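To keep things clear, I will list the structure first and then write my remarks on it.
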Amino acid sequence: MSGERPDKHHLYREAVQATRLGLIINLLLGCTKLAGGILGHSFALISDAVNSLGDVFTSLVVLIALRVAQKPADAEHPYGHTRAEAIAGSNVAVLVIVSALLVGW
């Protein structure tokens, strides 16, 4: 290991690739589970499909945040746009908490 840190663009590229892979896998899983749940009359499988499709939504939020975070600094954001990642993460956390409360209710 050379001790060099990877550059920011390389890290963003890896994050985007991982998020896209997760999005595709969750979309395929969600659709398969939904079809199996409907055909097999399984509410548990349907609810698991909804969970997987919810993960697709959160992956889309992460992709948008990563795109915004890579924008260079401008007059309104002199330190750049990297806080978009934290805002997206907070929104995803709130979504998870709300959905957990709804399931519990």
Side-chain angles (χ1 to χ4, degrees):
M1 193 158 129
S2 65
E4 292 183 30
R5 291 179 50 192
D7 69 327
K8 187 168 90 169
H9 297 293
H10 178 71
L11 293 174
Y12 276 118
R13 187 170 43 251
E14 286 184 353
V16 167
Q17 288 174 344
T19 305
R20 284 182 181 159
L21 178 63
L23 186 146
I24 291 167
I25 290 171
N26 278 317
L27 184 62
L28 292 173
L29 275 172
C31 291
T32 303
K33 290 174 185 178
L34 184 62
I38 291 171
L39 293 173
H41 305 289
S42 170
F43 290 112
L45 202 52
I46 292 171
S47 67
D48 198 25
V50 170
N51 180 40
S52 293
L53 294 173
D55 290 342
V56 169
F57 175 74
T58 58
S59 293
L60 288 171
V61 170
V62 169
L63 282 175
I64 292 168
L66 287 171
R67 178 168 286 196
V68 171
Q70 293 181 66
K71 289 183 179 181
D74 56 25
E76 290 183 34
H77 306 92
Y79 298 106
H81 294 80
T82 55
R83 290 184 69 82
E85 297 172 22
I87 294 168
S90 298
N91 288 337
V92 168
V94 168
L95 177 67
V96 169
I97 291 168
V98 168
S99 63
L101 291 171
L102 288 172
V103 168
W105 180 67

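Quantities reported herein were computed from a predicted structural model and do not represent experimental measurements.
- Atoms CG and CG, on L34 and L29 in that order, are 12.0 Å from each other to the nearest 0.5 Å.
- From K33, atom NZ reaches atom OG of S42 across 11.5 Å, with rounding to the nearest 0.5 Å.
- In the hydrophobic cluster analysis, where Ile, Leu, Val, Met, Phe, Trp and Tyr join through side-chain heavy atoms closer than 4.5 angstrom, L63 is grouped together with V56.
- Considering every non-hydrogen atom in both A65 and A84, the closest pair reads CB-O, 3.7 Å.
- Q70 contributes a side-chain N or O that, together with a main-chain N or O of L66, makes up a donor-acceptor pair within less than 3.5 Å.
- Note: the hydrophobic cluster containing Y12 does not contain I64 (ILVMFWY, side chain heavy atoms under 4.5 Å, direct or indirect links).
- Placement of I46 and L28 in two distinct hydrophobic clusters is found when ILVMFWY residues are connected by side-chain heavy-atom separations under 4.5 Å, directly or transitively.
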Audit row: L101, I97, side chain to side chain contact (heavy atoms under 4.5 Å, CB included) steps and yes/no: CA-CA 6 Å; L101 291 171; I97 291 168; 4.1 Å; yes
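- Within the 4.5 Å cutoff, the side chain of L27 has heavy atoms near those of the L53 side chain.
- What you find for A49 and G30 is that their closest heavy atoms are CB-O, 3.4 Å.
- Minimum interatomic distance between G36 and L45 (heavy atoms only, all atoms of both residues): C-CD2, 3.6 Å.
- Side-chain contact check for L23 versus T19: every heavy-atom pair is 4.5 Å or farther apart.
- Under the 4.5 Å side-chain heavy-atom criterion for ILVMFWY residues, a single connected hydrophobic cluster contains both V94 and L102.
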